[in-house]
Each structure stands twice: as structure tokens, then as C-alpha cells.
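In what follows, a single structure is set out as C-alpha cells and then discussed.
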Amino acid sequence: KTRATGTSAGRQGCWKTRLRRTSRQRTGSSATSLPSATFDVVLTNDMGHGALWAATEARVPSVLVHPSPMIWMSSCDPVVIGRPLPTVLLRPLTVALRGLLDWYMTRFMRGVARRIGTPLPDVSFRGSERMAAIRLGLWSPSLRGSVPTDPPNGTICGYARASGLECATLSPEIDAFLASDPAPIVVGFGSLYARRATPTLLALAQACGDVGRGCLVIGHAAGVEFPSYTLPVRSAPYDRIFSRAAAVVVHGGSGTIGE
């Protein structure tokens, strides 16, 4: 996750810098820790190719987790969201985009691999994905079901909820805010989009005030001043909050929609 800058070129540069740093750090830290301890498996996400490389070098099985179906791409239906499947015109376009992504990411990742000195023979985008023993898609099959050309080692296994973690508890402040009468409106724009959606978040908070409701904003950029009837928090477990809201306003992200 990275904070976006003001221009598309800046965002791309920020993303590339972050991904390059992540690949280096994960490969370095994983390569250092894996030989010095006993691990059963390495778990990483679809930006953690460095961890896949290090696990393969150390001969430790790895699991690749995909939080969104947008990166879970088959060879013939790269982007399949809901039903029906992409139209005759859309399918060739998505296949072409998959090829472009493969080319760009392979070129980029091979450069990273040269700089960190990994001895692996195939560090291409698809080659790195194939290093994982298991690939897990964290969404509901009703959002994006399986197709025959999906990864053979892949399983769509449903959403992962933050409340499954021991640390994901509601603070007394959030709990009291949700218990107010009338119930507040909850705004959740995800972990990334919320950081560059400040004008929209402020407009939504104002709209909540116009209808006499408090507004719980989950996820926002630092330093934003919200109205007094708004409770802004950096993160919170959606599944413990949404059911207590008068209404929920979301950005349409896969994980958020799942919650």
C-alpha cells in the first residue's frame, strides 16, 4: 500500500518505487531468515514476488494470496467479474492486456532480480507466480467464479475478515459512536483509495450532517479535518461495524463488497 501522488505519472513512479523496494526488502529479509530458522511455509500476496523467490531458493513451500480477482488472471479470461463472462469483443482485449502486463512486469522484475542477485533461472511474472505451491483467491465465487483456464493450483476460498485476528477489536470510541441514536452512516473506501479521496470523504461527511446522522469514516489521508459529528479512524474491522450502521457507503472494492 502506498500513498498516491497528484499525477498519474507520479502515482506510477511511486508504485514502481514501492514495488521495487518491496521486492528487494522481501527477498533480502526472507533470504536472511529462511536459512536461519525452520519454516513450514511462506505466505505472501501478489506484490510479494521477492518472498516467492527467497522461498524457492530456500526450498520452502510458498502460498500466494490474491486479495482481488483483478490480478487473478487466467490465460483466456484474464478478468472475469461476475456473470456472464466477457463478451466476444471484451475477451480479446483483456487477453491482450494480460500479455502487456506480463511483458511489463517481467521486464521490471528481471531488473530487480539482477540487482539483488537471485540465481533463479525464471523470474518472469508468470514464472514467479508458478513458484507458489498454492494460490488462494480471497473473494466469493459469486463475485468471480472459476473458469477452466484458471491457475491449476488455485482455489477461490472466500473473503478473509480482519475480525479473525486477535488485534482486530473495536475501540471503546468506535463502539460508543456506533451505539448512538440515530445510528451513524459508515463510509469505507478501502485501504488505498481512501488516501486520495479526501474531497469525496468530506462531501459525504457533510451529507451525513445534512440528514442528521453521524459519520464514521474508515480510512483517510493524514491531516484531514472532518466536521465535529464525524469520527474518522484509520482502520477498523468492517464486519463488526457494517451491521450496526444506518447505511454504508463504499467504493466497490472486492474485499469491501465482500464484507
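No hydrogens, no waters, no symmetry mates; every other heavy atom, side chains included, goes into these values.
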Kindly compute the distance separating [atom1] ([X]) from [atom2] ([Y]), expressed to the nearest 0.5 Å.
| X | Y | atom1 | atom2 | result |
| --- | --- | --- | --- | --- |
| Asp46 | Leu138 | CG | CG | 9.5 Å |
| Ser171 | Leu231 | OG | CG | 7.0 Å |
| Ile185 | Cys208 | CD1 | SG | 4.0 Å |
| Met109 | Asp122 | CE | CG | 9.0 Å |
| Met131 | Arg126 | CE | CZ | 14.5 Å |
| Leu178 | Glu173 | CG | CD | 11.0 Å |

Check whether any side-chain heavy atom of [X] sits under 4.5 Å from a side-chain heavy atom of [Y], and report yes or no.
| X | Y | result |
| --- | --- | --- |
| Phe226 | Leu201 | yes |
| Leu202 | Val224 | yes |
| Phe189 | Leu204 | yes |
| Leu136 | Leu64 | no |
| Ile241 | Ile218 | yes |
| His49 | Val123 | no |
| Pro151 | Glu129 | no |
| Pro61 | Val42 | no |

If you take all heavy atoms of [X] and [Y], which pair is closest and at what distance?
| X | Y | value |
| --- | --- | --- |
| Tyr229 | Phe177 | O-CZ, 3.6 Å |
| Ala194 | Gly219 | CB-O, 3.3 Å |
| Arg244 | Ala179 | NH2-N, 3.8 Å |
| Val186 | Phe242 | CG1-CE2, 3.9 Å |
| Ser128 | Leu52 | O-CD1, 3.3 Å |
| Thr198 | Ala221 | OG1-CB, 3.9 Å |

Donor-acceptor contact present, side-chain Asp102 to main-chain Phe125, <3.5 Å: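 Between the backbone of Phe125 and the side chain of Asp102 there is no qualifying donor-acceptor contact (under 3.5 Å).
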Derivation and outcome, side chain to side chain contact (heavy atoms under 4.5 Å, CB included), residues Ile156 and Ser146: CA-CA 7 Å; Ile156 298 174; Ser146 299; 3.7 Å; yes
Distance-only polar pair, side chains of His66 and Arg135, donor-acceptor under 3.5 Å: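 Yes - a donor-acceptor pair under 3.5 Å links their side chains.
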Candidate pair Tyr159 and Asp239, rule side chain to side chain contact (heavy atoms under 4.5 Å, CB included), full reasoning: CA-CA 11 Å; Tyr159 295 100; Asp239 63 310; over 6 Å; no
Lys/Arg-Asp/Glu bridge criterion (N-O < 4.0 Å) met for Arg240, Asp175: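 A salt bridge is absent here (no side-chain N lies under 4.0 Å from a carboxylate O).
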